[in-house]
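Let me begin by presenting the structure, written as C-alpha cells, before commenting on it.
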Amino acid sequence: MRAAVVTALRQVVPDLPDDVADRVEVSPAREAAHGDMATNAAMVSAKTARQPPARIAQALAAALVDGADVLRAEPAGPGFVNLHLRPDSLRATLPAILREGEAFGTSGAGQGRRVNVEYVSANPTGPMHIGHCRGAVVGDALANLLAKAGFAVTKEYYINDAGAQVAALAWAAYWRYLQAVGTPLSEDEFAAMVPGGLQYRGDYLIPVGEALRAEHGDALSGPGGTVADPALWFDGVRSFTVAAMMASIRADLAQLGVQPDVFTSERALVEAGAPDRVIEQLQAKGLIYEGILEPPKGKTPDDWEPREQTLFRATQFGDDVDRPLRKSDGSNTYFANDIAYHADKIERGAELMVDVWGADHGGYVSRMKAAVQAVAGDRPARLEIVLCQIVRVMRGGEPVRMSKRAGTYVTLADLIDEVGRDAVRFTMLTRKSDAQMDFDLDAVVAQTRENPVFYVQYAHARCRSVLRAATESYGTAALDSMALAQMPLDSLQDDAELALIRRLASWPRTVESAALAQEPHRIAFFLYDLAGDFHMLWNRGRDESTLRFLQADRLAETMARLAMVAATATVLRSGLAVLGVVPVEEMR
RNA sequence: GCGCCCGUAGCUCAAUUGGAUAGAGCACCAGACUACGAAUCUGGGGGUUGGAAGUUCGAGUCUUUCCGGGCGCGCCA
C-alpha cells in the first residue's frame with residue numbers, strides 16, 4: 001500500500017527527492033471515521049513541492065482512487081489523505097491468516113540479524129523471588145517477539161559466579177555442612193570466623209549442606225566438626241553450591257516457561273583470562289589510563305581518599321566520568337568482567353545485544369554502552385538495555401512486605417503456585433517495562449473484564465467454542481483452515497465484523513513496531529483490543545440474531561463467519577505464543 | 001549536590017515513536033439475560049497530558065527551565 005502511495009505522490013510531485021519519499025508513512029487509521037489507512041504524504045512533501053498540503057492531498061487522493069485496493073480516498077485535516085479500502089481487500093486478510101496459521105504476522109524486518117537477549121541473570125545465591133520475575137518474563141517475551149520479527153535470537157543467562165557474593169555463599173553453605181556433620185560451634189562463633197560475616201542464612205542451604213556431607217562425609221571439616229583450612233574445601237564447596245543454586249533457578253525458570261539457550265559463567269571467563277585480554281585491547285586503542293577519580297559532587301563519602309586505579313575512558317563515548325576497571329589493589333572490577341562478557345557475545349556473533357536489567361542498575365547503562373562501543377570497534381555490534389522497574393506485590397490492597405525474617409519472602413515458585421504461570425506472564429506484560437507496577441494477587445485471578453488475562457483467554461475459548469459447535473453440524477473437513485480459506489466472504493459487511501478484520505490485519509505491523517521498539521507489552525495490549533473487538537461482535541449477536549456466527553439456514557454466511565472466527569483464534573494464539581502464554585480451549 | 005527513569009481522567013494504565021477531536025479498564029450514572037456460555041455488553045459524564053517557555057504545517061512525545069516521585073552515585077556484584 002505504501003508503494004502505491006509513493007507512486008501516486010510522484011505523479012503529483014514529479015521531482016520528489018528520495019529522502020522525502022522515505023518519510024512518507026501509511027498507517028492504520030486510529031478512528032473508523034478516518035477510513036482504513038491514512039498517509040501523511042502531502043504534509044511531508046509540501047515544503048519541497050512548495051504547495052499547500054491540502055492541495056497536494058487533493059491531487060494525491062484523486063490519483064489514488066485509480067488503484068486496485070482503494071475504494072475512496074479523501075483529503076482530511078491538516079493534509080492527511082484517508083484511504084478507504086475495498087472491503088474485498090480487507091477481507092482478503094482472512095484467507096491469508098488461515099493459510100499461514102500462527103506464522104501470520106511473522107516479519108522479515110530483522111533480516112536474520114543475530115540478536116542476543118540476556119535476561120534474568122539472577123545471582124546464583126538463592127531461589128528466585130518475585131523481584132526477578134518481571135525481567136524474566138519481559139526478556140523471554142522480547143526474545144520471542146524479536147524472533148517473530150525475523151531476528152535470529154539467542155536467549156542467554158549470565159551466571160555471576162565469580163565475585164564476593166558467591167564467596168559468601170560458599171561460606172554459608174559450609175556452615176550448613178558443618179551443622180550436618182555435627183559441629184560444636186554456634187552460629188555466632190562461626191560467623192565471627194567468616195571474612196565479611198555470615199550471609200545467606202536462609203533454610204534453602206540446609207539441603208546443600210546435607211548433600212555435601214553425603215558426598216564427602218566429614219572430610220571437609222576440621223577435627224570434631226571445626227572449620228578446616230579454606231584452601232582444602234573452598235573451591236569445591238563453592239562450585240558445588242553454585243551448581244545446586246543454578247539447578248533450583250533452572251527449575252523455577254522452567255516453571256515460568258523460560259528456557260535460556262545459553263548459560264555463560266563469569267568464572268569461566270575470568271579463569272580463561274578474558275577480562276585481562278579485553279583490558280589489553282582497550283589499552284591498545286588508547287582508552288585506558290591510570291588515574292584518580294574525583295569524589296562524587298556534593299556527597300563525599302566519609303572514608304573518601306584518592307586512590308589510583310586503572311580507568312576506562314568512558315567519557316569518550318558519552319558517559320559522565322571515566323570508569324574503573326581495576327581496583328586499587330590491582331584486581332579487576334565487576335565492570336571489567338562485564339566488558340569481557342559482552343566482548344565474548346560479540347565474538348560469538350551477536351550483532352545486537354539486548355540486556356534486560358532491574359532498575360537499580362540504571363546507573364550502569366551508559367558505561368556499559370560506552371564499553372560495547374569501544375570494544376566493538378567497526379564491527380556492527382550494538383547494545384540496547386531494557387530496564388524493568390520494581391514490582392510491588394499487593395494483596396488485599398496492601399503491599400506484601402518482602403522480608404526473609406518475617407517469612408513473607410515471596411518466591412517465584414510460590415507465586416506461580418498461587419496464580420498460575422499464564423497469569424503471571426501476561427500480567428507482567430501489561431505495563432511498559434520502565435514503569436513501576438503493582439502486581440495485585442487478587443486481581444490476576446479474578447474472572448472479570450478488568451483482568452486482561454482472563455479477557456483474552458475467554459475470547460479464545462469462545463472462538464473455540466463456536467468452532468466446536470460448528471463441527472457438530474458441518475464436520476471437521478468443512479472447518480479445516482484450508483477449506484475455510486476458500487469460502488466467499490462477501491457477507492462480512494457489518495461494521496463490527498470489518499473492525500475485527502481490520503484489527504487482525506494490523507497484527508503484522510504490531511509485531512514489527514513492538515519488536516523494533518523492544519516493547520513486548522504492546523503485544524499484550526493488542527491482544528486485549530482484539531479480544532474486545534471479538535467480544536463486542538459476539539454480544540452484538542445477542543441483540544441482532546442475524547449477526548450470530550452460526551446461521552442454521554444460511555450456509556455461505558456461516559462459513560464466512562467461521563473463517564473469521566478461526567482467523568481470530570489463530571491470531572490470538574499467535575500473540576499468546578509471543579508472550580509465552582498457553583491459550584485455553586474452554587474456561588472453567 | 002550530580003546522573004538516569006517517571007509524572008496523562010478520581011484510580012490503574014495506553015497512545016502505531018512528531019500526526020487529526022489524547023484513548024481503554026475500574027469507579028460513577030442509565031439501560032440489556034428466551035444465549036453460538038451475560039464470567040458479558042450498550043450508552044453517558046469525566047482532561048490546561050505537573051507548571052512555564054521554545055523548535056514546526058503539527059508536541060503527551062523533541063529542547064531548555066522549574067516542581068514532584070523512584071533508582072543510583074570510586075576498590076558491591
Side-chain angles (χ1 to χ4, degrees), chain A residues 25 27-31 33-34 38 40 42-44 46-47 52-54 76-80 82 123 125 160 162-166 266 292-301 304-307 309 311 319-321 323-324 326-331 333-335 337-338 358-366 387 389-390 430-432 434-438 440 443 446-452 454-455 458 461-462 465-470 506 509-510 512-514 516-517 519 521-522 525-526 528-529 532 535-536 538-543 545 548-552 558 561 565 586-587:
Chain A
E25 289 174 20
S27 47
R30 271 189 194 181
E31 289 178 47
H34 295 152
N40 61 354
M43 287 180 289
V44 298
K47 220 171 220 175
F80 289 97
N82 290 334
N123 286 349
T125 52
N160 293 127
Q165 299 297 324
V166 171
E266 181 186 5
I292 298 169
L293 284 174
E294 297 287 310
K297 286 173 188 162
K299 186 210 151 214
T300 308
W304 175 269
E305 51 184 86
R307 294 190 186 98
Q309 298 177 267
L311 299 172
D319 201 359
D320 304 321
V321 291
R323 302 292 182 176
R326 289 202 174 109
K327 306 171 190 175
S328 52
D329 68 3
S331 64
T333 60
Y334 178 79
F335 182 44
N337 292 355
D338 221 357
D360 53 342
H361 290 68
Y364 204 72
V365 170
S366 48
L387 287 183
Q389 286 289 342
I390 294 169
T430 53
R431 295 281 182 280
K432 227 170 7 187
D434 57 4
Q436 290 178 307
M437 149 177 222
D438 287 349
D440 188 332
Q447 303 205 328
T448 64
R449 174 163 192 169
E450 60 186 304
N451 180 3
F454 166 78
Y455 195 64
Y458 189 34
R462 275 182 154 172
S465 162
V466 173
L467 293 169
R468 275 195 302 272
S506 72
R509 188 189 165 88
T510 302
E512 213 164 282
S513 60
L516 294 178
E519 294 185 347
H521 76 279
R522 292 196 201 180
F525 280 92
F526 171 86
Y528 185 72
D529 289 340
H535 287 308
M536 182 185 197
W538 177 291
N539 285 103
R540 290 275 309 280
R542 285 206 293 251
D543 299 331
S545 59
R548 294 184 186 180
F549 301 125
L550 302 178
Q551 302 283 328
T558 301
R561 286 175 185 168
V565 171
E586 54 185 336
M587 306 302 295

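Proteins get letters first, then strands, A, B, ... in listed order; numbering begins at 1 in each. Since we're looking at a predicted model, the values are computed, not measured.
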Side chain of A/Arg462, base of B/rU40: donor and acceptor closer than 3.5 Å? no
Rounding to a whole Å, what distance do you find between A/Glu294:CD and B/rC73:C1'? 14 Å
Interatomic distance where CG belongs to A/Asp360 and P belongs to B/rA77 [whole Å]: 15 Å
Heavy atoms from C-beta onward define the side chain here; which of B/rG3, B/rA14, B/rA77 lies closest to that of A/His361? B/rA77
Could you write out RNA chain B as dot-bracket? Rules: Watson-Crick or G-U wobble, both distances under 3.5 Å, brackets [ ] for crossings, | for pairs with another strand, dot for unpaired. (((((((..((((.....[...)))).(((((.......))))).....(((((..]....))))))))))))....
So A/Ser328, base contact, sugar-phosphate only, or nothing? Heavy-atom distance under 4.0 Å. base
How long is the line joining CD of A/Gln389 and P of B/rG70, in whole Å? 12 Å
Just verifying a value: how many Å separate A/Arg462 CZ and A/Leu467 CG, rounded to the nearest 0.5 Å? 14.0 Å
Name the residue closer to the 5' end of RNA chain B, choosing between A/Phe525 and A/Phe549 according to the nucleotide with the nearest heavy atom. A/Phe525
Looking across every strand, which nucleic acid part, if any, lies under 4.0 Å from A/Gly163 by heavy atom: base, sugar-phosphate, or nothing? sugar-phosphate
Using the side-chain heavy atoms of A/Phe454, tell me which of these nucleotides is nearest: B/rG3, B/rG74, B/rU40. B/rU40
Could you go step by step and tell me if A/Arg431 and A/Gln389 meet the side-chain contact (heavy atoms from CB on, under 4.5 Å) rule? CA-CA 10 Å; A/Arg431 295 281 182 280; A/Gln389 286 289 342; over 6 Å; no
From B/rC36, B/rA14, B/rG74, nucleotide with atom closest to A/Leu293 side chain: B/rG74
Test item: A/His535 side-chain N/O and A/Tyr458 main-chain N/O as donor-acceptor pair under 3.5 Å: no
For the P atoms, the ones on B/rG51 and on B/rG60, what distance do you get once it is rounded to whole angstrom? 11 Å
Just by modelled atom types, is the A/Thr510 backbone N or O under 3.5 Å from a matching donor or acceptor in the A/Arg522 side chain? no
A/Asn82 has its side chain closest, among B/rA77, B/rA20, B/rA15, to B/rA20
Atom CZ of A/Arg323 and atom OH of A/Tyr364: how far apart are they, to the nearest 0.5 Å? 9.5 Å
What contact category does A/Pro53 fall into here, base, sugar-phosphate, or nothing, at under 4.0 angstrom with non-hydrogen atoms? nothing
Taking B/rC28 as the reference, what is the distance to B/rU61 when you measure between their C1' atoms (whole Å, please)? 31 Å
Since syn is defined as within 90° of 0, does B/rU55 count as syn or as anti? anti
A/Ala46 near the nucleic acid: base, sugar-phosphate alone, or nothing, with a heavy-atom cut-off under 4.0 Å? nothing
Here the distance between atom C1' of B/rC4 and atom OH of A/Tyr364, to the nearest Å, is 16 Å
Contact under 4.0 Å: A/His521 side-chain N or O vs B/rA15 OP1/OP2: yes
Could you report the tightest heavy-atom contact between A/Leu293 and A/Pro324, atom names first, then the distance? CD1-CD, 4.0 Å
Under 5.5 Å between ring centres and under 30° between planes: does that hold for A/Trp538 against the base of B/rC36? yes
Base, sugar-phosphate, or nothing: which does A/Glu512 touch, judged by heavy atoms less than 4.0 Å apart? nothing
Please confirm whether the shortest side-chain N or O distance from A/Tyr455 to OP1 or OP2 of B/rC41 is below 4.0 Å. yes
Does B/rA77 have OP1 or OP2 sitting under 4.0 Å from an N or O in the side chain of A/Lys327? yes
For a quick check of understanding: with a heavy-atom distance under 4.0 Å over all strands, which category does A/Gly79 fall into, base, sugar-phosphate or nothing? nothing
Report the nucleotide, chosen from B/rU17, B/rC76, B/rC75, that has the shortest atom-to-atom distance to any side-chain atom of A/Arg522. B/rU17
Looking at every strand, decide which applies to A/Ala162 at a 4.0 Å heavy-atom threshold: base, sugar-phosphate, or nothing. nothing
Out of B/rA24, B/rC71, B/rU42, which nucleotide sits closest to the side chain of A/Tyr528? B/rA24
What is the distance from CZ of A/Phe335 to P of B/rG74, rounded to the nearest Å? 14 Å
Before you tell me yes or no, could you show the steps for A/Asn160 and A/Val166 under side-chain contact (heavy atoms from CB on, under 4.5 Å), namely the whole-Å CA-CA distance, both residues' side-chain angles and the distance that decides it to 0.1 Å? CA-CA 8 Å; A/Asn160 293 127; A/Val166 171; 5.8 Å; no
I need the CZ-C1' distance between A/Arg326 and B/rC75, as an integer number of Å. 13 Å
Between B/rA38, B/rC36, B/rA15, which nucleotide has the shortest distance from any of its atoms to the side chain of A/Glu519? B/rA15
Nearest-nucleotide pick for A/Arg431, side chain only, options being B/rA77, B/rA14, B/rG70: B/rA14
Atom-to-atom span, CZ of A/Phe80 to P of B/rC57 - whole angstrom: 15 Å
When we call it a touch if two heavy atoms are under 4.0 Å apart, what does A/Tyr334 touch: a base, just sugar-phosphate, or nothing? base
From A/Glu305 atom CD to A/Ile292 atom CD1, the distance as rounded to the nearest 0.5 Å: 11.0 Å
Ranking B/rA77, B/rC36, B/rG74 by distance to the side chain of A/Gln309, first place goes to B/rG74
Under 4.0 angstrom between A/Arg323 side-chain N/O and B/rG3 OP1 or OP2: no
Of the listed nucleotides B/rC41, B/rA77, B/rC36, the one nearest the side chain of A/Asn160: B/rA77
Any side-chain donor-acceptor pair under 3.5 Å between A/Asn337 and A/Glu266? yes
Ignoring hydrogens and angles, tell me if any N or O in the side chain of A/Ser328 forms a donor-acceptor pair with the backbone of A/Arg307 under 3.5 Å. no
For atom CD1 of A/Ile292 and atom P of B/rC75, their distance in whole Å: 15 Å
So A/Ala517, base contact, sugar-phosphate only, or nothing? Heavy-atom distance under 4.0 Å. base
When the C1' atoms of B/rG25 and B/rA9 are compared, how many Å lie between them, rounded to an integer? 12 Å
Using only atom types and a distance under 3.5 Å, with no angle test, would you say the side chain of A/Ser331 pairs donor to acceptor with the backbone of A/Lys327? no
Between A/Arg548 and B/rC36, is there a side-chain N or O to OP1/OP2 distance below 4.0 Å? yes
